[in-house]
Amino acid sequence: MVVTGSADGRLRVWNVKGSSVVGDPWEGHIAQVRCLDWSPNAREIVSGSQDGTIRRWNPNTGRHIASPIETGHGRVYAVKYSPRSDKFASSGYDTVIRVWSKAGKLLIEIKGHDRSVYSLCWSKEGAYIFSGSGDMTIRKWQSIDGKELVVLRGHTSIVTSICLSPDERHLVSASSDCSVRIWDLNTNEQTGGPLLHGDEPLALAIPSDGRYIA
């Protein structure tokens, strides 16, 4: 199955083989859905919207698992489950990263960025959160207390997407400066030159073998 979020505020489930919608759209958001994440244990889906809320969904029924979370972001740009599926991080129009329990309790606020935060990812064991921001930086944080550990600088515009390599030795970032950059997390320096694009790259993905970047 594939789940998509739309500008109409709805989520839809698709049968990949038949290229058809499964059931009715999932309704709840009142503005466009900007981000989705499937929990690592595959038991639920979380969505973030420009209405400022996060909603959790049962993938089998399309129903809400709990009440929506009013995030305080204004607009939600990123939401990511922790590796253990026991909590998730969110970011958005404001400069704050927030970590939530699945029950919707705010666990911690992480502050340090000067502009909106557009992308998030967790380390495999959940000890760290990485973020990409409109302040042109990528930052590494301790997830337990929000302590800032590293600031990566090099992009000259908004960092639109970030992704960790499977071995967690490198982080890849995309930016509105029309480049993709690879960072060595041992030295916290760029590896090689920027991978230049004709327009701004908005999303990144790395396969499980780590051989390619899409």
Can you confirm whether more than 12 heavy atoms, excluding those of Leu195, are under 6.0 Å from its CG atom?
yes
Under the salt bridge (Lys or Arg N to Asp or Glu O under 4.0 Å) test against Glu27, which residue among Arg10, Arg63, Arg12, Arg55 passes?
Arg10
Are the side chain of Ser143 and the backbone of Ile129 linked by a donor-acceptor contact shorter than 3.5 Å?
no
Does Ser20 have any side chain to side chain contact (heavy atoms under 4.5 Å, CB included) partners at least two apart in sequence or in another chain, and if so, which?
Asn15
Has Gln142 got more than 12 heavy atoms of other residues, nucleotides or ligands less than 6.0 Å from its CD?
yes
Residue pair Ser157 / Ser175: nearest heavy atoms and the distance that separates them:
O-OG, 3.3 Å
Side chains of Glu189 and Asp184: closer than 4.5 Å at any heavy-atom pair?
no
Polar side-chain atom of Ser85 near backbone of Asn41 as donor-acceptor pair, under 3.5 Å
yes
Do Val13 and Trp26 touch side chain to side chain, with heavy atoms closer than 4.5 Å?
yes
Intermediate values then yes/no, side chain to side chain donor-acceptor pair (under 3.5 Å), Arg84 and Ser82
CA-CA 5 Å; Arg84 295 183 179 179; Ser82 67; over 6 Å; no
Joining Ile, Leu, Val, Met, Phe, Trp and Tyr whenever any side-chain heavy atoms lie under 4.5 Å apart, the cluster holding Leu149 also takes in Tyr128, Phe130, Ile138, Val150, Leu152, Val159, Ile162, Leu164, Leu171, Trp183, Leu185
Is there a side-chain contact between Arg75 and Arg34, using heavy atoms and a 4.5 Å cut-off?
no
Counting only heavy atoms not in Ile144 (residues, nucleotides, ligands), do more than 12 fall under 6.0 Å from its CD1?
no
Quick one: do the Arg181 and Ser179 side chains pair a donor with an acceptor below 3.5 Å?
yes
Does a sphere of radius 6.0 Å around CG in Asp145 hold more than 12 heavy atoms from other residues, nucleotides or ligands, not counting ones at 6.0 Å or beyond?
yes
What are the two closest heavy atoms between Ser131 and Leu120, and how far apart are they?
CB-CD2, 3.8 Å
Ile158: hydrophobic cluster co-members (side-chain, 4.5 Å):
Tyr77, Tyr93, Tyr118
